[in-house]
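Below you'll find the structure, written out as structure tokens, and then a few comments.
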Amino acid sequence: NALADKTASAPDDGSEALPTKLAGVQVLFNGLPLPLIAVSPTEVRTQLPYAPASFTSANLYLRIERNDGTVAVTTPVTVSLTAASPGLFAFGGKEPRPGILLHSDASDGSDGTPVTSEDPAVPGEAVTVWTTGLELAGVAPEQAPVAGVPNTGTDLTFAPLRASVNGEPAEVQSVTYPRTSIGVYQIRIVLPPGVAGDGAAQLMIAQDSVSSNVITVPVKRSSTP
């Protein structure tokens with residue numbers, strides 16, 4: 001059966017909290033309605049709590065209000081939970097997919113233009129990537145951000161994070177929780193000076209020995225002698 005009778009998305013500009021019901025769909029996590037990002041007949045995107053106490057698993061099911069007035073409830077499934085499950089944002093396509101990255105402005109550390117095959121990164125440059133599924137450090141469940149609510153200026157501390165490019169360790173310059181973000185974090189990573197140029201490097205991160213997906217980064221040799 002369809003997961004929803006129509007397609008709908010919550011505002012994605014961080015201007016308001018995510019709804020817990022969208023197009024008649026609710027996702028229940030141990031009975032708690034979760035914030036919804038988007039729903040369609042084939043896919044439902046939601047956000048889990050930031051710090052689900054000491055749970056190692058939870059029951060998850062959907063409640064769907066159909067257009068004809070009927071209500072469907074899916075069979076609960078058990079979802080295993082882990083402290084960290086980092087995932088890097090990327091464009092569609094075959095794995096490893098092209099990463100969504102920005103150049104970093106070396107003068108002030110701010111983000112610049114997108115990294116593309118027409119405007120690739122260079123060895124030794126800092127680039128910005130986005131991830132979700134990071135583990136927070138030293139945050140009690142009652143002090144964690146509220147799921148589905150945009151960040152209004154909360155500074156978070158994260159468990160140690162590692163990065164590698166083509167299997168070589170890369171410096172993690174910063175990990176931040178951007179204002180208006182909902183469950184998405186910004187990481188600035190310095191590409192190793194010796195990374196091969198004129199091609200697509202492979203970048204991944206890891207936290208708590210859990211590795212992310214691999215993304216590709218267009219890289220060229222620096223024109224500076």
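Computed from a prediction, not measured in an experiment: that's the story for all the values here. For the numbers below, each heavy atom of this structure counts, side chains included, while hydrogens, waters and symmetry mates do not.
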Legend entry - Stepwise side-chain contact (heavy atoms from CB on, under 4.5 Å) check, F91 with I100: CA-CA 7 Å; F91 293 102; I100 300 175; 3.8 Å; yes
Please check: side-chain N/O of [X] versus main-chain N/O of [Y], any donor-acceptor pairing under 3.5 Å?
X    : Y    : value
S40  : T42  : yes
E171 : V190 : no
R179 : T152 : yes
T132 : G183 : yes
T46  : P35  : yes
N166 : E168 : no

[atom1]-[atom2] distance between [X] and [Y], expressed to the nearest 0.5 angstrom:
X    : Y    : atom1 : atom2 : answer
T128 : L102 : OG1   : CG    : 5.5 Å
L88  : W130 : CG    : CH2   : 11.5 Å
F89  : S212 : CZ    : OG    : 11.5 Å
S211 : D208 : OG    : CG    : 11.0 Å
L34  : L60  : CG    : CG    : 6.5 Å
T131 : I187 : OG1   : CD1   : 5.0 Å

Inset, instruction - Applying side-chain contact (heavy atoms from CB on, under 4.5 Å), run through I37 and L18 and close with a yes or a no. - result: CA-CA 7 Å; I37 300 168; L18 296 177; 3.8 Å; yes
In the single-linkage hydrophobic clustering (I, L, V, M, F, W, Y; side-chain heavy atoms under 4.5 Å), do [X] and [Y] co-cluster?
X    : Y    : result
I182 : L48  : no
V172 : L134 : yes
V175 : Y177 : yes
M204 : I189 : no
L36  : L3   : yes

Legend entry - Test applied, side chain to side chain contact (heavy atoms under 4.5 Å, CB included); reference residue, R63; option that passes from V27, V73, V25: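 Of the listed options, the one satisfying the test is V73.
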Inset, instruction - Apply the side chain to side chain contact (heavy atoms under 4.5 Å, CB included) test between V129 and each candidate in I205, V217, L101; give the one that qualifies. - result: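 With V129 as partner, I205, V217, L101 yield a single side chain to side chain contact (heavy atoms under 4.5 Å, CB included), made by L101.
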Legend entry - Side-chain donor-acceptor contact under 3.5 Å, D119 with T113: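 The answer is yes; a qualifying pair exists.
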Inset, instruction - List the steps and the verdict of salt bridge (charged side-chain N to carboxylate O under 4.0 Å, His left out) for E43 and R45. - result: CA-CA 7 Å; E43 182 181 60; R45 296 174 58 203; 5.2 Å; no
Inset, instruction - Please indicate whether D13 has more than 12 foreign heavy atoms, meaning atoms of other residues, nucleotides or ligands, lying under 6.0 Å from its CG. - result: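 Result for CG/D13: enclosed.
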So which atom in [X] and which in [Y] form the shortest heavy-atom distance, rounded to 0.1 Å?
X    : Y    : answer
G31  : P33  : O-CD, 3.6 Å
T216 : P98  : OG1-CA, 3.2 Å
Y50  : A144 : CB-CB, 4.0 Å
Q207 : A159 : NE2-O, 2.9 Å
V219 : P123 : CG1-CD, 3.9 Å
V195 : A201 : CG2-CB, 4.0 Å

Counting C-beta onward and ignoring hydrogens, is there a side-chain heavy-atom pair between [X] and [Y] closer than 4.5 Å?
X    : Y    : value
T78  : N59  : yes
L156 : P145 : yes
T180 : S15  : no

Legend entry - Verdict with reasoning, L62 to L28, per side-chain contact (heavy atoms from CB on, under 4.5 Å): CA-CA 6 Å; L62 273 64; L28 287 301; over 6 Å; no
